[in-house]
Amino acid sequence: MSQVLGRDADNENKFLSFYLGNEEYGLEILRVREIIGIIDITPLPQTPDYVKGVINLRGKIIPVIELRSKFSMPSVAYTEQTCVIVVEVSEDDSTDQFQMGVIVDNVSEVLDIAREQIEPPPDFGCRINTDYILGMGKVKERVVILLDINKVMTESEIESLQSASTDSDMDKPSGESEPIAA
Amino acid sequence: MHIISPQQVAEALDCQAEGAQRLRDLLVEAGRTDADTVEAALLEPNSSTGKQIYEMIIELGLVKSQELDIAIEAKRDSDKRIGQLLELSPKQLAPALRKQRHMRREATVESTTATATIPAARATGSSGTPANKTTVSSHRRGDQTVKVNTTRMDNLVNMVGELVIAQQMVVQDPSIQSLKEQRIQRNLTHAGKIIRDLQEVAMSLRMVTVKGTFQKMARLVRDLATKSGKRIQFHMEGEDTELDRNVVEEIGDPLVHMIRNACDHGIETIQERRAAKKTDAGNLTLRAYHQGGSIVIEVQDDGRGLNRDRILQKAIERGIYTPDRDPAEIPDSEVYNLVFLPGFSTAEKVTDVSGRGVGMDVVRRNIEALRGHAEIKSTLGKGSTFVLRLPLTMAIIDGMVVCVGSQRYVIPTLSIEQSYRPTPQELHSVTERGEMASVRGSLLPIYRLNRVFGLHDGCDDITEALLIVLESNNSRCCLLVDEIIGQQQVVIKSLGQGVNSIRGVSGGAILGDGRIALIIDVSGLVSEATKLAA
């Protein structure tokens with residue numbers, strides 16, 4: 001399935017929700033370019049574990065990261081529900097936008113969350129970095145962790161810059177197998 | 001008039017090697033035809049090139065116009081050349097073809113950053129690869145131009161590139177290949193031919209002549225001559241040669257460097273020239289021409305030439321080179337290449353123009369970044385020529401597709417010397433970690449691609465796998481891969497801005513089945529591999 005989501009003023013409060021395990025997360029709909037089912041990933045050398053590789057998106061090559069890996073959650077095997085959300089990211093809000101793919105367990109729905117329903121993230125201290133959380137959205141009884149995709153991605157870039165230049169042994173090849181849905 | 005043999009046609013076509021190949025195939029397939037029982041047309045009368053061949057053949061008096069009309073009248077699409085139909089001997093046909101090629105070269109497609117001419121489609125297109133052909137318009141009446149936004153043009157070119165890939169994916173699909181219907185295969189081939197022609201046209205939109213750059217150099221030479229009090233005559237040759245727009249921008253700086261070198265160190269003062277019995281004015285020639293699939297740019301001067309001994313001496317003095325054999329045995333070309341090493345300069349004086357020892361290595365790096373090659377030829381006392389060789393287009397590379405485990409990679413063919421399956425006798429190791437192979441007398445290190453890239457699969461036994469001997473930066477090494485899939489031209493796609501540069505990988509290519517093959521940057525791979533081994 002592949003959808004391109006439209007852009008207009010109404011969409012500023014809309015978030016695309018998806019799951020990583022039992023946790024529900026949200027991404028600003030304006031940043032979502034399309035959603036595709038998981039496809040063949042070509043691994044890239046010298047990149048951090050969570051950068052799974054690159055994919056062929058209708059003739060364009062874009063990198064994909066596995067969000068579970070990025071958040072240091074254990075990886076799971078891919079199923080037919082596993083999706084790649086293609087997002088548009090800009091570094092430091094510059095005009096340069098580029099596309100990346102984010103691998104998530106499954107995609108849920110589009111939620112309308114008004115500003116008043118968004119609370120700032122709680123401070124867990126230095127155990128968990130919450131820079132990339134926009135806020136905690138309250139939808140009925142659920143709590144949706146709203147992500148600032150720029151910060152998620154930009155941080156990973158910085159890390160990969162560091163790992164590429166300092167030649168640390170972060171480039172450990174991942175051990176799990178990845179069954180791809182046919 | 002007689003039947004042409006495939007070989008004779010090939011001779012007639014001289015440098016159009018691919019066209020000869022196709023023609024050969026078609027001739028073998030089709031058998032004999034003559035003007036009376038014409039079945040296949042080779043001309044589409046509506047195309048301008050078609051009309052030209054017609055006119056030329058009439059003009060040259062090779063054939064009566066009646067017979068030619070009969071040939072044209074029969075309509076079907078196929079790529080047979082007129083010669084086959086009319087049974088012209090290669091000698092008779094050759095002048096017509098030569099004239100057509102000459103006309104094509106004359107009428108050039110000029111595209112600056114703001115304008116583009118739309119060239120006419122070619123009728124007798126053989127499956128040319130964009131790297132080898134320049135598509136030109138032959139409208140003699142005066143080329144009209146339109147201004148086109150460059151982003152739109154780049155988008156168009158990208159989309160055409162994707163169309164080529166999409167078409168390959170359809171054609172290579174096993175269920176399509178197994179279709180028995182002749183008609184659909186023919187139609188697909190026809191569509192494919194049109195798409196390839198379209199790609200050539202699109203690529204040609206990005207071509208510009210080197211004239212502008214060369215003319216800027218003329219001014220530079222004048223300034224340099226005045227400043228130094230020397231007399232320097234500037235000559236240009238082949239300024240109508242075309243290059244990809246981006247490449248033209250990138251060669252500007254290296255050219256400036258080389259010209260400064262030539263004017264400053266190459267060409268002597270008037271007195272020196274008189275003493276050497278040369279003309280008062282030195283000659284500096286900038287030359288551009290196509291050769292094979294590349295464009296060659298030469299900076300030639302008739303000045304002092306390179307002093308081989310001084311170069312060797314300086315290089316050794318500065319510790320940037322230690323000869324591994326008797327200096328007298330080192331070939332000239334290798335000595336001259338020392339000039340490209342960083343930190344080198346034999347200039348006695350460092351002027352503001354050159355001599356700081358940073359010029360030539362930057363030139364070489366810039367050229368190699370464009371996947372090109374720089375070298376120097378020289379004769380002491382007579383002059384020097386700096387030769388730059390660049391690929392015609394940046395977007396496409398000729399590569400060898402190899403596989404390691406489940407992944408596939410593309411190695412630029414330019415870097416490949418040879419490939420072979422080694423026998424155990426040819427393999428050696430040092431402290432059980434450094435592996436080497438002896439290739440034609442020298443010992444070269446072996447790098448296992450799967451280890452360099454951190455892959456889990458891939459063949460472990462070298463004698464079951466293949467060694468590819470690579471050459472880069474004057475050093476050679478062997479790369480271990482599982483097998484070679486084939487050679488093909490691939491479109492280079494960048495890996496996306498989100499990914500920072502990966503050492504050893506210069507981009508990605510989408511193969512016919514839609515999967516991605518990483519394109520290997522040989523020098524990056526070597527430095528990555530040597531780091532891992534350390």
Side-chain angles (χ1 to χ4, degrees), chain A residues 39-65 86-91 94 96-102 149-150 152-167 169-178 180, chain B residues 155 158-169 403-410 449-458 490-505 507-521 524-525 527-529 531-532 534:
Chain A
I39 55 179
D40 252 353
I41 302 177
T42 304
L44 283 179
Q46 299 159 35
T47 49
D49 276 0
Y50 53 82
V51 179
K52 282 294 176 215
V54 285
I55 58 172
N56 169 8
L57 188 66
R58 291 191 307 278
K60 191 164 168 198
I61 299 186
I62 63 169
V64 287
I65 75 168
V86 181
V87 291
E88 260 174 23
V89 184
S90 52
E91 244 185 272
S94 65
D96 270 346
Q97 289 203 317
F98 54 89
Q99 293 182 6
M100 278 185 132
V102 182
I149 199 67
N150 280 339
V152 173
M153 293 306 190
T154 317
E155 207 201 318
S156 73
E157 275 176 64
I158 297 174
E159 277 190 52
S160 96
L161 244 180
Q162 289 173 340
S163 76
S165 56
T166 58
D167 304 319
D169 59 350
M170 263 180 77
D171 312 335
K172 288 191 283 287
S174 51
E176 61 276 356
S177 61
E178 300 164 15
I180 310 284
Chain B
N155 275 341
N158 286 341
M159 280 196 284
V160 171
E162 288 176 28
L163 181 59
V164 171
I165 295 175
Q167 182 252 348
Q168 280 173 0
M169 283 172 65
C403 82
V404 178
S406 57
Q407 294 302 320
R408 286 176 301 172
Y409 297 89
V410 175
L449 194 52
N450 48 3
R451 279 190 208 155
V452 179
F453 282 161
L455 303 170
H456 291 299
D457 42 11
V490 292
V491 177
I492 303 180
K493 301 244 164 200
S494 90
L495 290 177
Q497 288 145 284
V499 173
N500 295 296
S501 43
I502 297 186
R503 277 181 311 275
V505 173
I510 299 183
L511 301 178
D513 62 359
R515 285 175 57 197
I516 299 174
L518 297 179
I519 300 174
I520 293 189
D521 163 41
L525 182 75
S527 50
E528 181 65 9
K531 243 188 308 191
L532 287 179

Check your understanding: Can you tell me how far CG of B:L518 sits from CD1 of A:I61, rounded to the nearest 0.5 angstrom?
Key -> 7.5 Å
Point to revise | Closest heavy-atom pair and its distance - B:I516, A:N56 | key: CD1-N, 3.5 Å
Review point. Any side-chain heavy atom of B:V505 within less than 4.5 Å of one from A:P45?
Key: yes
Study note, to complete from the structure: B:Q167 meets the side-chain contact (heavy atoms from CB on, under 4.5 Å) criterion, sequence neighbours left out, with B:V171, B:I195
Practice item. Go through B:Q407 and A:T42 one step at a time and tell me if the side-chain contact (heavy atoms from CB on, under 4.5 Å) criterion holds. Key: CA-CA 7 Å; B:Q407 294 302 320; A:T42 304; 3.4 Å; yes
Check your understanding: Residues two or more places apart in sequence or in another chain: which of them pass side chain to side chain donor-acceptor pair (under 3.5 Å) with B:S406?
Key -> B:D457
